[in-house]
Amino acid sequence: MTMRRRDLLKAAPAALLPMPALGQNMRSRTLRLVPSTDLVSLDPVISTALVAVQHGYHVFDTLYGVDGQMRPHPQMAEGHQVSDDNLTWTIRLRDGLRFHDGEPVRSRDCAASLERWSRRDVYGRVYGAAVEAYETPDDRTLRIRLKTPFPRLLQAIGKPHSSPAFMMPERIVKASPDTPISEMVGSGPYRFLASEMDSGNLFAYAKFDGYRPRDEAPNWTSGGKVAHFDRVEWRVISDKSTAVSALLQGEVDWIENLPADLEPLAARSRDVRIQNADTLGTVLVMRFNHLTAPFNNPALRRFVLEVAKQSDYLATVTGGSPDAWRECAAMYPCTIAGVEEIGKERFGRLVGNEAAMREALRATGYNNEKIVILNPADSAALAPLGPITADLLKRAGLNVDLQDMDWGTLLQRRGSKAPVEENGWSIFHSTWPSIAIADPVQNTTMRGEGSRGWPGWYESAEMESLTARWLAATDTAAQARLQSEIHALALREVPTLPLGIYFPKTAYRRDLTGVLDGSVRYPWNVRRG
């Protein structure tokens, strides 16, 4: 008989993970967190994975941060000035900024970091195309000269998620301009302890005594990032029942993402607190490979949009709790102000109508090509999605091969542009914090950059032209009109299929206070007692 993991947890509450020996004093000064997945890539500019971004905020800092309404605020910057012609932005760095190796943060470090980031990030590439040159007249002054006005410059360099513009030493940036960096030297509140790294098990950070937090209250990635713990440990635990057991027994302090089926057990403990991790929610998405058959055919992508039932995915991920998710018939997150559900007549319209479904599939021209679905079995949020999609497509008459793997392997496999017969792929599922895909420039899931874009490589000159025009628009009416055109195009082309929004829960020991809302779990402001 197969035991569900909640039953296993009841049967063996003491089956905890091995922990390093720590003195009582050090244990009280150590924050122990279980991340949602293993940290495969340490470079938070190269990788868009949530866990890499979370790691990045421990180690690095940004010139500007944002609050929960996506408004930019100075972070490493003291402030800025813009020339009358809007072609020169002068940013002044705060006094006393230092990197973890003891070197001061200089304007040339920031220039090199922005230049590298602008080649990798979807927002950065648009920003980078507008930059004429960087000038560094002194160590605290960064001057950005533009070819054309770029009114959203602060939103670009202060974006909170999916390759934020983290500042790094010039020497490290220039040594790895287009490849992942291996030396983790930032100017953030924590130093990465590379000598203690045990991939798949332990990642450790030590408080950086040279960090100078801002005076303001923290809000998302802006404000005062005060580190109250001397040490932060990430304990990677792939089995979530073991992770919850460790939380209940006080062997760890915090689980980044609490699985829905284990929430009732955690909720019964008086020593554990559960809260919504992000009030704007997280979007579940199904990403298609646009380079190879059969999803290089937009008609088939539209077919999947019409046969998929969002509630099947959302209820599975959240355990069915009605306040933990919402359906959203739009290509943008419905939790973002101004988003209209323009797909109400299209999303799931064939659900339950098998005759219409068979006819619609014939009309797409699908020729029984094999569909390979990559499924990360070690991710609590994503593991259930692959089987749902596989079952859905099989019942609709498609030829499906579901392949389970860990998240790190999936990240490697999804970079392959080969046909499925040569270890390629057709579909993977992912999640995006709503704030990370809130506008046309940032929305990686529907940008048409082709080979330069997100794996899946949707290419659309029309999408990129409309996005550029939206970015250049200076009046609200023009922006709204262009965003509507972009939205309609995405609904026709279906570069990625949104599967609705869920509100992830995070769980931590009740003696922790100061846990902040945001798109990842931030280590600052949290204290014991």
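Index from 1, following the sequence.
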Answer yes or no: is there a donor N or O on one side and an acceptor on the other, between the side chain of [X] and the main chain of [Y], under 3.5 Å?
X    : Y    : value
Q483 : W470 : no
T221 : V66  : yes
N276 : D278 : no
R301 : E493 : yes
R346 : L305 : no
R509 : L248 : yes
H487 : M331 : yes
R447 : E464 : no
R116 : D178 : no
D475 : A478 : yes

For the residue pair [X] and [Y], establish whether any side-chain heavy-atom pair is separated by less than 4.5 Å.
X    : Y    : result
L499 : V285 : no
D323 : F503 : no
L50  : V520 : yes
L361 : R358 : no
K225 : Y522 : no
I427 : R287 : no
R120 : S163 : no
L300 : L398 : yes

Closest heavy-atom contact between [X] and [Y]?
X    : Y    : answer
C328 : I501 : CB-CD1, 4.2 Å
I255 : T506 : O-OG1, 2.9 Å
S162 : V53  : N-CG2, 3.7 Å
P498 : V283 : CB-CG1, 4.3 Å
V272 : A266 : CB-O, 3.8 Å
N367 : E369 : N-OE1, 3.0 Å

(message) Determine whether D253 and Y508 satisfy the following criterion, side chain to side chain contact (heavy atoms under 4.5 Å, CB included), listing intermediate values before the conclusion.
(response) CA-CA 5 Å; D253 299 301; Y508 51 91; 5.9 Å; no
Under-4.0 Å salt bridge between [X] and [Y]:
X    : Y    : value
E306 : R302 : no
D271 : R510 : no
D121 : R125 : no
E256 : R521 : no

Pair [X]-[Y], side-chain donor/acceptor within less than 3.5 Å:
X    : Y    : value
D312 : Q310 : no
R413 : Q403 : yes
T409 : D406 : yes

What is the distance from atom [atom1] of [X] to atom [atom2] of [Y], rounded to the nearest 0.5 Å?
X    : Y    : atom1 : atom2 : result
S416 : N289 : OG    : CG    : 8.0 Å
D38  : W407 : CG    : CH2   : 12.0 Å
K394 : L392 : NZ    : CG    : 11.5 Å
H73  : N219 : NE2   : CG    : 6.5 Å
Y123 : Q442 : OH    : CD    : 6.0 Å
T444 : I437 : OG1   : CD1   : 8.0 Å

(request) Apply side-chain hydrogen bond (donor to acceptor under 3.5 Å, both in side chains) to S41 and D43, showing your working. (result) CA-CA 6 Å; S41 172; D43 190 334; over 6 Å; no
(message) The test is side chain to side chain contact (heavy atoms under 4.5 Å, CB included); show your working for L374 and M405 and say whether it passes.
(response) CA-CA 7 Å; L374 307 183; M405 60 198 65; 3.6 Å; yes
Just wondering, more than 12 heavy atoms not from [X] lying within 6.0 Å of its [atom1]?
X    : atom1 : answer
E354 : CD    : no
E340 : CD    : no
K344 : NZ    : no
E345 : CD    : no

Tell me whether the rings of [X] and [Y] are parallel (<30°), tilted (30 to 60°) or perpendicular (>60°).
X    : Y    : value
W524 : Y57  : perpendicular
W234 : F203 : perpendicular
W117 : Y127 : tilted

(request) Take N353 and V351, measure what side chain to side chain contact (heavy atoms under 4.5 Å, CB included) needs, and give me the verdict at the end. (result) CA-CA 6 Å; N353 190 337; V351 171; over 6 Å; no
(request) Please report the C-alpha distance between T62 and I157 in whole Å, then the side-chain angles of each, then the deciding distance to 0.1 Å, and finally whether the side chain to side chain contact (heavy atoms under 4.5 Å, CB included) criterion is met. (result) CA-CA 8 Å; T62 55; I157 67 174; over 6 Å; no
(message) Give me each pair satisfying ring pair (Phe, Tyr, Trp, His ring centres under 6.0 Å) with a member in residues 274-310, each pair once, sequence neighbours excluded.
(response) F288-F295, H290-Y458
(message) Applying side chain to side chain donor-acceptor pair (under 3.5 Å), can you list everything that pairs with R270, at least two apart in sequence or on another chain?
(response) none
(message) Go through it in stages, so that I can follow the logic: the residues are W454 and F428, the test is ring pair (Phe, Tyr, Trp, His ring centres under 6.0 Å), and I'd like the CA-CA distance, side-chain angles, deciding distance and then a yes or no.
(response) CA-CA 12 Å; W454 194 36; F428 70 86; 5.4 Å; yes
